[in-house]
Amino acid sequence: MSQHVVPPSVYVKVFGGLTILMILTWVMAFVNLGVFNPVVAVTIAILKALLIVLFFMNVKYSSRLTWVFVAGGFFWLLILFFMVMPDYLSRDWQAPVQPW
Amino acid sequence: MSTVAIAPESALMPKRHYANVRHSVASWLLTTDHKRIAILYLVSITLFFAVGGFFAMMVRLELLTPKGDLLDGDTYNKMFTLHGIIMIFFFLIPSIPAVLGNFLIPLMVGAKDLAFPKINLFSWYLYIIAGVVAVTALVKGGVDTGWTFYTPYSSTYAKTEVFLAVSAAFVAGFSSILTGLNFIVTIHKMRAPGLTWFRLPLFVWAHYATSLIQILGTPIIAITLVLVAVERIWGKGIFDPSLGGDPVLFQHMFWFYSHPAVYIMILPGMGVISEVITCFSRKRIFGYEFIAFSSLAIAIVGFLVWGHHMFVSTQSTYAGMVFSFLSFLVAVPSAIKVFNWTATLYKGEITFEAPMLYAFGFIGLFTIGGLTGLFLAAMATDIHFHDTYFVVAHFHYVMVGGMVMGFLCGIHYWWPKMTGRMYPPLLASIAAALVFVGFNCTFFPQFVLGYLGMPRRYHEYAQEFQVLNVMSTAGASILGLGYFIPGVYFIWSLFWGPVAGPNPWHAKGLEWQTTSPPPTFNFEEDRPIVVEEAYAYSIEGAESVS
Ligand code: HEM
Ligand SMILES: [Cu+2]
């Protein structure tokens, strides 16, 4: 369990990156990209989350086992999405019930 | 019935142990000793069990007669809601993990404590804060949404203390996450020399699987409850269709956690049973790897079946078919365990001490509960059974017949380890029998009621259902007595119980190799070294039980 010492400058840079991404979110709110609006918003959100997880949560310097658990968390979120979507996608496939 | 073997050479209490090193109240409330924290949990969950039991009693008394004469509809709704919330979030989820898991996992892996002792204490405080919030909700008038908090009723229409109740469940969730985190790190990092993964007691495997569910599932319920609060307080449309939301989305998110959570409420019980069955058969467990991996399989596949709670919710039938199929799959690892326990008994030298009686009860009742789950997991039959007493009977068979039995089983098995003292064995066996009989009288009639079509969550019912409801209420009073008696003799045993010695059951496992009660850092001398597999019982070894 060796501790990796991260120089404060890394944190400052990451903070800068997060600030830039935040401003970008705000700027993009004024640009209408149609269907790409959510795509851009989610991409920025993922980048922010990555920065936080890798650097602020020190995962970048952690053991493989930690990586497995972190990846597991995200994988479980994907399970939620992938098993909820079939419901929404296939709800209309069914013929409406006819009254008799 | 064989009498309890009390090792004569050790009929002495250790002078110093974890419970008497210091006496002040502060030494308990600020302790970081996992064993003391386990005792704190034991006391607190017992109190909540009593409160939840009171609400159950009100429900059963109301249902004694077909008319809604004891409680009006609104009060009745609050009674079953508070019963459910308290029993699930404040008793069952912490029961075995936070009490027995906390006490035993460090002992079983030969460690001085859990990996993060202060986080362990913090998780108890979170639990207490959550409990205080829940009691505040109760005192301010209660909640009436059902423990499931279904939207849009909970988020828009209910006039009761939904926000407080939801906050209580939210905070209790974090307590549960921290306990799971602590267990996972401890099991990975702190095993004694020689204690390989496949030498771990199955109790530890079961808790490892439980902890995975706790850390992967609980965050989802937390965010779901936050969304309910956001909709309720600020009127943002998330789940309420009149605000543009989708109520079925709530059910997806709720059950994504709450179905796996039912495994949080059974896997630890299964872990207890694996320990007790082998000890009192004096036989090595049958199919160790199968039992270990079936715990993991339950934890993982258990996340893929939640839609079986939503067959009649307007969820797509096609999604329903997938969830139904997967629900049938998840019953397989549960069945594997039942078969392996039974095979362990075969040609064993079985004795009928109180913990073993509870273990037998668990196996039978859990099997009934699990099999009736399959009736509900089949879409066609669930259309009839959904929201009837059949569902109520199903989940009480697994949660009370399974987990509460497992909890009592474990408490009876490890009580001498936790306190150094023995309870009266005959009385304990009588109480176990009362619990079994009372339980079946209470809940079996509910299967029939549900089959006949009696819906759940109403304070009135049709005249023809009365006989079975009276049976159920009568059974509940037997069950109540069965729970009360152990409370009395456990307290008695603290003062007057015969001294148990380090290993009264002649059991295997590191927890039995230290004094009862153990010293603060668990093992007097150096760390134990493990040289054999778990459960190295041999039938011949039984001669040591004189
Ligand atoms: C053996 C595998 C199991 C299967 C296939 C199964 C299946 C089901 C199904 C399909 C339902 C929904 C019924 C309905 O609302 O119409 C249900 C409800 C429920 N089950 Fe199970 N179950 C299983 C095991 C368990 C276990 C082990 C527990 C708890 C320890 C449990 C606790 C519950 C609870 C609490 C509910 C009702 C929730 C509510 O609506 O309030 N089940 N089960
Ligand atoms: Cu379920």
| said: Quick check on B/F122: does its CZ atom have over 12 non-hydrogen neighbours (other residues, nucleotides or ligands) under 6.0 Å away? | reply: no
| task | Assess whether atom CE of A/M28 is packed by more than 12 heavy atoms of other residues, nucleotides or ligands within 6.0 Å. | result | yes
| query | Does the side chain of A/V84 come within less than 4.5 Å of B/W306's, by heavy atoms? | reply | yes
| query | Does any non-hydrogen side-chain atom of B/Y318 lie less than 4.5 Å from one of A/L89? | reply | no
| field | From CD1 (B/I215) to CH2 (A/W76), nearest 0.5 Å | value | 10.0 Å
| said: With rounding to the nearest 0.5 angstrom, report the NE2 to CG distance, B/H252 to A/L80. | reply: 9.0 Å
| Quick one: what part of B/I184 sits under 4.5 Å from any heavy atom of chain A, side chain, backbone, both or neither? | side chain
| For the residue pair A/D87 and B/A319, what are the closest heavy atoms and their distance? | CA-CB, 3.8 Å
| said: Out of A/L65, A/L77, A/I79, return the one with the most heavy atom pairs under 4.5 angstrom to chain B. | reply: A/L65
| note | Turns out that what part of A/F75 lies under 4.5 Å from chain B's heavy atoms comes down to neither
| query | Is the number of heavy atoms from other residues, nucleotides or ligands under 6.0 Å of B/F328 CZ greater than 12? | reply | yes
| Reported NE2-to-OG distance for the pair B/H188 and A/S63, which is rounded to 0.5 angstrom | 9.5 Å
| query | What parts of residues 255-266 of chain B touch chain A if we use heavy atoms and a cut-off under 4.5 Å? | reply | B/F256
| task | Taking atom NZ of A/K48 as the centre, report whether more than 12 heavy atoms of other residues, nucleotides or ligands fall under 6.0 Å from it. | result | yes
| query | Within a radius of less than 6.0 Å around CZ of A/F56, do more than 12 heavy atoms belonging to other residues, nucleotides or ligands occur? | reply | yes
| Do any of residues 216-223 of chain B have a heavy atom less than 4.5 Å from a heavy atom of chain A, and if so, which, in residue order? | B/L216, B/I220
| Nearest non-hydrogen partners of A/M83 and B/L304, listed with the distance | CE-O, 3.4 Å
